[in-house]
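Below you'll find the structure, written out as structure tokens, and then a few comments.
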Amino acid sequence: MTRVRHLLRLGDLGREEVEALLERTFALKGYQRTDVPHASLPGRILGLLFEKPSTRTRVSFEAGIYQLGGHGMYLAPDQLQLGRGEPIADTAKVLSRMVDGLMVRTFGHDRIEELACHSHVPVINGLTDRCHPCQVLTDIFTWYERRGPIAGRTVAWIGDGNNMAHSWIAAAALLGFEVRLACPKGFEPDSPILAEAGDAARLVGDPREAAAGADLVTTDVWASMGQEADREARDGAFQAYRVDAELMALARGDALFMHCLPAHRGEEVTAEVLDGPQSVVWEEAENRLHTQKALLEMLLGSGEAGRG
Ligand code: CP
Ligand code: NVA
């Protein structure tokens, strides 16, 4: 049996692997759009464990595995013994004897690391408090489809230095572009993640400095899942970190706007920008499906990187 391959963070992939994933995503999107059969994972079972809510991640993985000829199994913690205190390590050992892959959305990144450590099958990070690699892979694909390679480009991140920001930072280092992040004081990305990216990631003081001349402007909610109790304090701190038409006007004329969704119109982004001509958010959401399928093929397929 080949070594089990997980995707817990973007750095688990090499640059060439990301490039291959982008190509495959492009092909799979074409097959799905034109009804070309592509059941490349017949009979494979994907467990989907969600400790937080989800629309896009759940539906893209669940629909994706079906379209590839496999089966998705939604696992809610309150319906598993995990919710009654069965250790995560034991849960991983049991589930991974029954399914071919596990997609996990949880809180602390240590939980998914522990799960992966005890899993005999690939574990895919569908969001933790630390990062959201599947979303940023999709965002890179969305860019690639519209504009080609992202290497050498400039991305402006406006707002919270959160899980999405961390994955953008990792992507910049991996793929050779620059991410300029404007975050309120006290809400910057984690220092070790920034340090690991070297010159690829740069913190700037002012959202206008981040947006100036950028190829892509992106943001996320001010309070992520699990931070709802801090909402009021966060609302106060983030008022100057809203993406509006004035900020977009500082970016390149052909700059794209992305948001992983769900979005709060009037908070981190105005409706004018989110629903405006530079926004590609609906395409970005659809692309979760195609990107996740390429990733499932890579990790659950019988090729070298799969389970074997
Ligand atoms: N962008 C994203 O991960 O959305 P969901 O929370 O709906 O899965
Ligand atoms: N940062 C957000 C992303 C949601 C897809 C959160 O963690 O809630």
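Numbering of ligands and ligand atoms starts at 1, following listing order. All figures in this text were calculated on a predicted structure; none of them were measured in a lab.
In terms of polar-atom proximity, defined here as any N/O pair under 3.5 Å, Thr57 does make such a contact with ligand 1. Ligand 2 has an N or O atom lying under 3.5 Å from an N or O atom of Met225, backbone or side chain. Of the N or O atoms in Pro53, none lie within a sub-3.5 Å distance of an N or O in ligand 1. Note: no N/O pair closer than 3.5 Å links Arg105 and ligand 2 by distance alone. At under 3.5 Å, a nitrogen or oxygen of Ser224, whether backbone or side chain, sits near a nitrogen or oxygen of ligand 2.
Residue contacts with ligand 2: Leu261 is included, with a non-hydrogen atom under 4.0 Å away.
Taken from CG in Leu22 to OG1 in Thr291, the straight-line distance is 8.0 Å, to the nearest 0.5 Å.
Near Asn162, meaning under 4.0 Å from any of its heavy atoms, are these atoms of ligand 2: 1 (N). For ligand 1, the atoms sitting less than 4.0 Å from at least one non-hydrogen atom of His132 are 2 (C), 3 (O), numbered in the order shown with element in parentheses. Listed by number with element, the atoms of ligand 1 under 4.0 Å from a non-hydrogen atom of Cys260 are 1 (N).
Residues Arg202 and Glu178 are paired through a salt bridge, judged by an N-O separation under 4.0 Å between the basic side chain and the carboxylate. For Glu267 and Arg231, the salt-bridge test passes: some basic side-chain N is under 4.0 Å from an acidic carboxylate O. With salt bridges taken as basic N to acidic carboxylate O contacts below 4.0 Å, one links Glu196 and Arg9.
Of the options Leu95, Asp100, Val94, a side-chain contact (heavy atoms from CB on, under 4.5 Å) to Met98 is made by Val94 and by none of the others.
Within 6.0 Å of CD in Glu228 there are more than 12 heavy atoms belonging to other residues, nucleotides or ligands.
Among protein heavy atoms, atom 7 (O) of ligand 2 sits closest to Asn163 ND2, 2.8 Å. The nearest heavy-atom contact from the protein to atom 4 (O) of ligand 1 is Arg56 NE, 2.9 Å. When hydrogens are left out, the protein atom nearest atom 3 (C) of ligand 2 is Asp220 OD2, 3.6 Å; that is the closest non-hydrogen contact.
In Leu261, the part holding a heavy atom less than 4.0 Å from any atom of ligand 1 is the backbone. Residue Lys52 does not touch ligand 1, judged by heavy-atom distances below 4.0 Å. Counting heavy atoms under 4.0 Å from ligand 2, residue Leu127 touches it through the side chain alone.
No cation-pi contact links Arg234 to Phe187, judged by a cut-off of 6.0 Å to the six-membered ring centre and 45° from its axis.
Closest approach of Gly126 to Thr57, counting heavy atoms only: O-CG2, 3.8 Å.
For the residue pair Tyr144/Glu23, the side-chain donor-acceptor check at 3.5 Å is satisfied.
Taking the six-membered ring wherever Trp is involved, the centroid distance between the rings of His71 and Tyr66 falls below 6.0 Å.
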